[in-house]
Amino acid sequence: MTLILDPDDPAGWREAPAAASGPHAASDRLTDGLNPQQREAVEYRGPALLIVAGAGSGKTRVLTHRIASLIDRREAWPSQILAITFTNKAAAEMRERVQALLGDSASGMWISTFHSACVRILRREAEAIGLSSTFTIYDSADTRTILKRIIKELDADTMGFTPAGAQSKISKLKNELSDVETYARNANTNDPHEVMFLEIFRQYTRRLRDASALDFDDLIAETVYLFRAFPKVAALYQRRFRHLLVDEYQDTNHAQYALIHELTRPVDPMIVAELDAHGVLVQGMTDASGAIPGASLTVVGDSDQSIYAFRGADIRNISEFERDFPGAKVVLLEQNYRSTQNILSAANAVISHNFDRKDKKLWTADGDGEKITGYTGYTAHDEAQFVADEIEVLHRAGVAYRDIAVFYRTNAQTRALEEIFVRSALPYRVVGGTKFYERAEIKDAMAYLIAVANPLDELALRRILNTPKRGIGPATETALASFGEQNALTFRQAMRAADGLGLGPKVTGAITKLANVLDEAAAMLVPNAEAIAAGTNEGAAKVSDVLAFLLDRSGLLETLRNSRDPQDETRAENVEELLAQTKDFDRENPGATLVDFLTQVSLVAAADELDDASGTVSLMTLHTAKGLEYHAVFLTGIEEGLLPHQMSATEPGGPAEERRLFYVGITRARKRLYLSLAMSRAQFGEVAVAMPSRYLQEIPEDLIDWKQSPGMATSRGGTQPRALNARRGPGQGGAGGGAWGTRDRDLDRFSVMKSAAPKAEWANKVTGTVRDNGDLTLEAGDRIRHTDFGEGRVMQVTGEGTKRIAHVAFDTAGQKKLLIKIAPIEKL
DNA sequence: CGGTGAAAGTTTTTT
DNA sequence: ACTTTCACCG
């Protein structure tokens with residue numbers, strides 16, 4: 001019998017399993033079915049490993065098998081593993097897969113995003129850096145609100161400062177690990193603009209500190225500062241995590257890179273001795289010199305999928321990995337197990353136009369598959385109708401809605417898609433976009449919870465001060481703030497002392513009442529004495545009980561329910577939904593605290609809300625789509641100005657990054673890929689002419705089957721199919737001067753067409769029209785007329801009440817499903 | 001202090 | 001086109 005010590009297992013000692021299921025049998029099980037490169041990536045052992053994993057090359061499989069093999073062969077305890085993923089959902093999935101491979105709970109592993117891991121470390125070590133362990137995490141909107149106030153107070157807007165501008169500059173600096181003081185040292189004090197920015201940055205930093213709050217960028221940067229300033233604290237984590245694995249390494253920024261370096265640093269013999277003296281187990285972990293060697297580092301990434309430069313991601317982190325970590329092993333995964341060869345060929349062709357990259361070609365052994373389908377609509381609605389129709393065709397052919405996704409470059413593009421999807425009775429879900437937690441009423445309810453959890457958070461307090469309306473206006477708010485300042489009180493303390501402010505009795509009463517409600521809620525959260533001693537949360541009220549109490553006593557829910565604004569009904573429902581979510585949280589996380597709940601909410605990513613079980617089509621941005629895959633993928637709005645986006649044109653490396661975005665989108669598809677665009681697109685209410693994206697020309701002509709090519713769509717009557725990549729004549733074939741010639745020329749062509757074509761020529765375009773049909777009843781056999789599709793016969797009616805759906809065979813437009821309640825139809 | 005109407009800005013991607 | 005913010009009056 002072998003006993004192996006897990007230094008961080010609370011039980012201390014564990015019995016190692018008998019040899020029968022020991023290392024050898026396990027290693028076979030964990031590498032069976034892997035290709036030689038994948039196997040090498042699982043089995044290599046050394047200080048640094050870079051896995052260059054093309055899209056769909058099985059990198060998640062390699063990562064999970066690598067972790068499982070480390071644990072299974074007794075090379076590491078679960079608690080010695082730190083794996084960083086891009087989303088919480090990916091983390092949960094990875095944990096599940098590792099546990100399935102091990103057939104055992106692998107608790108103690110840290111598998112999380114950079115942000116979650118840092119929050120966990122920071123809450124634990126908060127005191128060291130003078131932060132409350134209940135610190136609030138500010139999102140972009142919170143950050144903007146604060147900057148807006150600062151800019152207004154400093155009159156900085158007259159110098160051209162905007163909250164958004166300052167926000168992005170501060171974020172960039174923090175991602176480069178430059179704090180206010182570092183910035184101040186290098187600032188040019190002769191430049192009034194720079195002096196003003198410094199002042200904004202200073203005040204911003206001070207306000208967050210006063211509120212015991214951190215923004216997203218601080219989470220990473222503060223952890224790095226913590227480790228640098230307190231080597232002994234760092235040593236605890238350096239000693240604990242023996243294996244660090246980082247996914248999506250191409251999208252790490254400088255701060256994250258620095259964090260990885262801190263975590264993989266060896267522990268100096270002197271500090272090892274100190275740890276030993278403090279009873280931290282170091283025995284058997286040191287090398288000959290008495291140091292604990294640095295943790296092994298595995299990074300996985302694909303520079304062709306780097307799409308977060310705007311967030312500070314530095315592609316050099318991956319391209320220069322071998323220089324950063326001399327002696328690093330590099331494994332290349334090029335065989336694709338996801339897509340058909342046609343899809344891969346298109347992806348390869350597009351990405352090969354990015355220069356300055358290592359050549360890498362995805363290939364599959366699974367055959368060409370079907371051609372890519374292309375479509376050019378007249379308008380965004382026309383394009384959306386194409387997408388809806390094709391989804392129905394797929395669905396009738398047996399493809400589940402959940403296996404279909406629609407991608408787009410900007411969130412604004414969802415509008416036309418949603419309008420058509422609703423009308424077509426197509427079940428869909430928008431992933432990300434205006435998130436649930438960003439709704440005003442949810443932020444209000446959350447602010448109550450935050451104010452209870454972190455009494456220092458002035459932003460949350462000010463938010464709820466007059467929500468719901470209780471007669472506390474801006475004047476009173478300012479009075480409270482200055483009263484607090486004069487008497488060295490926090491805003492919350494000032495509220496408690498409102499009696500001495502000499503305000504009107506009504507206002508004073510309202511403030512005192514709110515302060516009491518918050519105090520009472522805070523009291524509910526205190527665990528009982530024994531629990532405090534034991535460090536548990538026993539006796540504290542559940543999150544849902546606290547929220548229910550706050551909603552009731554503040555009157556927030558009641559006000560929404562009694563309002564005569566019809567939208568408030570939905571808002572009340574949303575708040576009730578939040579309450580239901582806290583109940584779920586309490587059930588799923590017994591013993592978890594309010595702060596745990598707030599942390600989880602702060603760090604949910606768009607991709608985290610994906611519900612695999614839902615039978616709906618998923619709509620999302622190309623950024624959100626990273627790391628996902630679907631049977632069928634629709635890439636919409638493949639137009640100049642949208643993809644590549646207008647805003648990227650001036651940024652260095654912009655067009656190349658946009659191309660990678662396109663590449664990411666293409667490679668999400670397993671079997672079917674659809675590319676679509678519109679000839680005109682509404683922006684700011686104005687309709688503008690749109691042009692096919694330059695990236696479309698980069699796909700070999702024979703891979704795309706155009707249902708309606710850009711050439712066909714240019715003239716209404718001219719159905720002359722013109723091949724997309726056809727050369728138009730001599731002198732047009734040069735690099736960059738492809739099928740559409742120069743941009744100006746095309747603009748001319750379109751504008752001529754537009755003025756020459758009267759409105760009637762666009763008659764067949766699909767609009768987003770809806771109408772309220774009341775309780776119009778239809779039955780099979782009825783003939784109807786549709787604004788966009790003309791006349792047709794009802795074949796079948798399904799569904800109930802407002803969700804009744806007519807299945808109609810149109811005389812010319814084909815078969816469609818329509819939501820009877822709102823479709824623009826009339827019975828003939 | 002709160003409600004109404006005008007005015008302005010909005011749309012690049014996100015933890 | 002649509003939402004959010006500002007200015008003024010009751």
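Proteins come first, then strands; the chains are lettered A, B, ... in the order of their sequence lines, and each starts at number 1. Side chains are part of it too, since the values below use all heavy atoms of this structure and drop only hydrogens, waters and symmetry mates. All of these numbers come straight from a predicted model, not from anything done at the bench.
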Practice task
Check if the side chain of A:His115 and the base of B:dT15 share a donor-acceptor pair of N or O atoms closer than 3.5 Å.
Solution key: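 Counting by modelled atom types and ignoring angles, a donor-acceptor contact under 3.5 Å is found here.
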Practice task
With C1' as the reference atom in both, quote the distance from B:dT11 to C:dC6 in angstrom, rounded to an integer.
Solution key: 22 Å
Exercise for the section: Run through A:Arg209, A:Arg207, A:Lys174 and flag the one making a salt bridge (Lys or Arg N to Asp or Glu O under 4.0 Å) with A:Asp215. Expected result: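 Running salt bridge (Lys or Arg N to Asp or Glu O under 4.0 Å) over A:Arg209, A:Arg207, A:Lys174 with A:Asp215 returns exactly one hit, A:Lys174.
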Is any side-chain nitrogen or oxygen of [X] closer than 4.0 Å to OP1 or OP2 of [N]?
{"X": "A:Lys148", "N": "C:dT5", "result": "yes"}
{"X": "A:Asn466", "N": "B:dG2", "result": "yes"}
{"X": "A:Asn253", "N": "B:dT15", "result": "no"}
{"X": "A:Thr621", "N": "B:dT14", "result": "yes"}
{"X": "A:Thr624", "N": "B:dT13", "result": "no"}

Exercise for the section: Could you tell me whether the side-chain ring of A:Phe310 sits stacked on the base of B:dT13, using a centroid cut-off under 5.5 Å and a plane angle under 30°? Expected result: yes
Practice task
Check step by step if ring-ring contact (aromatic ring centres under 6.0 Å, His included) holds for A:Tyr408 and A:His623.
Solution key: CA-CA 9 Å; A:Tyr408 36 82; A:His623 283 89; over 10 Å; no
Problem - NZ/NE/NH1/NH2 to OD/OE distance under 4.0 Å, A:Asp302 and A:Lys59 - result: no
Exercise for the section: Inspect the contact between A:Asp142 and A:Lys443 and indicate whether a charged nitrogen and a carboxylate oxygen are less than 4.0 angstrom apart. Expected result: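 Counted as a salt bridge, because a side-chain N and a carboxylate O are separated by less than 4.0 Å.
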Handout entry: Side-chain heavy-atom pair A:Leu480, A:Ile511 within 4.5 angstrom cut-off
Key =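 Yes; the side chains approach each other to less than 4.5 Å.
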Problem - DNA chain B: 5'-proximal contact among A:Ala412 and A:Ala475 (nearest heavy atom) - result: A:Ala475
Just the rounded figure in Å: distance from [atom2] of [N] to [atom1] of [X].
{"X": "A:Met647", "N": "B:dT12", "atom1": "CE", "atom2": "P", "result": "5 Å"}
{"X": "A:Arg415", "N": "B:dT12", "atom1": "CZ", "atom2": "P", "result": "15 Å"}
{"X": "A:His381", "N": "C:dA1", "atom1": "NE2", "atom2": "P", "result": "12 Å"}
{"X": "A:Arg659", "N": "B:dT13", "atom1": "CZ", "atom2": "C1'", "result": "18 Å"}

Practice task
Assign A:Phe114 to base, sugar-phosphate, or nothing according to its heavy-atom contacts below 4.0 angstrom with the strands shown.
Solution key: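 Here A:Phe114 touches no strand at all.
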